[in-house]
Undergrad: 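Shown below is the structure under consideration.
Counting starts at 1 for both ligands and their atoms, following the listed order.
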Amino acid sequence: DFIKEVSGFSVLEQQLKEILHVDHVIVVPGNSDELDWVKQEMGKASVNYLKTILKANQTIAVTGGTSMAAVAEVMLPLDQASNCMFVPARGGLGERMENQANTICAEMAKKANGQYRLLHVPDPLSEESYQMIIGEPSVGEILELIRDAHVVIHGIGDALTMAQRRKTSLDNTKKIINGHAVSEAFGYYFDKDGKVVHKVRTVGLQLEDLHQSKCVIAVAGGESKAKAIYSYFKQGKSNVLITDEGAANKLARDI
Ligand code: F6P
């Protein structure tokens, strides 16, 4: 155990727990800004963690992005959690196909031997279509599954990187910049104090749905994401962080 203590990242993990006020932190070696396989290591750590918490017949809501795609890539059969249901946390958020929550959710389900349901919603949505879509019974059924998910697993991004990647409109980009947004998760943009400065209008999980009874796991690494991670955890909606050494060292030293 002593060897494990000194060779692992337990000191760093403990530091991050205190800095971010989070229940559980896992740090994997490397910096995913520099090496792609580090994302896969975060993916493996995520799958191992899921194996310890998931029970049979539970629902898991997942978001999009490359970190979540890496989790899907290394997903394994979740034998002790038979008949699990994977759902996308929110509707389309302007990601490319392979990084969309729908795609990731289907891949995870297939590899985990679970079920999945998808959300087919265009984005961005006008207020009118939004109201119409949430009124559809078939959509409502999936939205209920999403709201009641036992486990949520999600990415965190740098606010401006995400605004650009999503080809955000000029007006909304201004809102994000003028609001000094630092991080993004679930389509919400947060400033350095964790205050929401902008929210993408789409269906699915709302921040209010992330209450105490859920296990909410954030998967985000890379030195460049340290500020974003810190900002996101200011509003304290997630209880687990799976990250890498790059982000962890930066968080422990500079923030
Ligand atoms: O767009 C989905 C999403 O999960 C965002 O909420 C998050 O900011 C981003 O992807 C993270 O993406 P990546 O893992 O590629 O940095």
Undergrad: For atom 15 (O) of ligand 1, grab the closest protein heavy atom and report residue, atom and distance to one decimal in Å.
TA: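 Checked against all protein heavy atoms, atom 15 (O) of ligand 1 sits closest to T66 OG1, 2.5 Å.
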Undergrad: Taking only heavy atoms of T63 into account, list the atoms of ligand 1 that are under 4.0 Å away from them.
TA: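 Near T63, the atoms of ligand 1 are 4 (O).
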Undergrad: Can you tell which of R166, R165, Q100 makes a side-chain hydrogen bond (donor to acceptor under 3.5 Å, both in side chains) with E95?
TA: R165
Undergrad: In terms of the angle between their ring planes, are F186 and Y232 parallel, tilted or perpendicular, with boundaries placed at 30° and 60°?
TA: tilted
Undergrad: Crowded around N57 CG? As in, over 12 foreign heavy atoms under 6.0 Å?
TA: yes
Undergrad: Please could you name the atoms of ligand 1 that S67 approaches to less than 4.0 Å, counting only its heavy atoms?
TA: 13 (P), 14 (O), 15 (O)
Undergrad: How many angstroms lie between CG in N249 and CG in D244, if you round to the nearest 0.5 Å?
TA: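 Here the rounded value is 9.0 Å.
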Undergrad: Just wondering, do F190 and Q235 contact through their side chains at under 4.5 Å, heavy atoms?
TA: yes
Undergrad: Applying a heavy-atom cut-off of 4.0 Å, say which part of R166 lies close to ligand 1: side chain, backbone, both or neither.
TA: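 For R166, the contact with ligand 1 is made by the side chain alone.
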Undergrad: Please could you name the atoms of ligand 1 that A185 approaches to less than 4.0 Å, counting only its heavy atoms?
TA: 6 (O)
Undergrad: Can you tell me the protein heavy atom closest to atom 1 (O) of ligand 1 and the distance?
TA: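 Protein heavy atom with the smallest distance to atom 1 (O) of ligand 1: E95 OE2, 2.5 Å.
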Undergrad: Which part of I156 is near ligand 1, with near meaning a heavy atom under 4.0 Å away: side chain, backbone, both or neither?
TA: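 Near ligand 1, I156 shows its backbone, while the atoms from C-beta on stay back.
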Undergrad: Find all atoms of ligand 1 within a distance of less than 4.0 Å from any non-hydrogen atom belonging to G64, and give their numbers and elements.
TA: 2 (C), 3 (C), 4 (O), 10 (O)
Undergrad: Which residue and non-hydrogen atom of the protein lie closest to atom 12 (O) of ligand 1, and at what distance in Å?
TA: R165 NH2, 3.1 Å
Undergrad: At under 4.0 Å between heavy atoms, is it the side chain or the backbone of K225 that contacts ligand 1, or both, or neither?
TA: side chain
Undergrad: Got a sec, which residues hit salt bridge (charged side-chain N to carboxylate O under 4.0 Å, His left out) with K44, two or more places apart in sequence or on another chain?
TA: E41
Undergrad: Answer yes or no: does atom NZ of K17 have more than 12 heavy-atom neighbours from other residues, nucleotides or ligands under 6.0 Å?
TA: yes
Undergrad: For M162 and ligand 1, answer yes if some heavy atom of the residue is under 4.0 Å from a ligand atom, otherwise no.
TA: yes
Undergrad: Just to be sure I read this right, does ligand 1 sit under 4.0 Å from the backbone of E184, its side chain, both, or neither, counting only heavy atoms?
TA: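 The answer is both.
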Undergrad: Out of all atoms in ligand 1, which are within 4.0 Å of some heavy atom of G157? Include the element for each.
TA: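 Near G157, meaning under 4.0 Å from one of its heavy atoms, ligand 1 has 7 (C), 8 (O).
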Undergrad: Atom CE in M85, atom CG in D148: separation rounded to 0.5 Å?
TA: 12.0 Å
Undergrad: Could you work out, with salt bridge (charged side-chain N to carboxylate O under 4.0 Å, His left out) as the rule, every residue matching E208, not counting sequence neighbours?
TA: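 Listed in chain order: nothing, the list is empty.
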Undergrad: Using a strict cut-off of 4.0 Å, indicate which atoms of ligand 1 neighbour a heavy atom of F186.
TA: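 In order of numbering, the contacting atoms are 6 (O).
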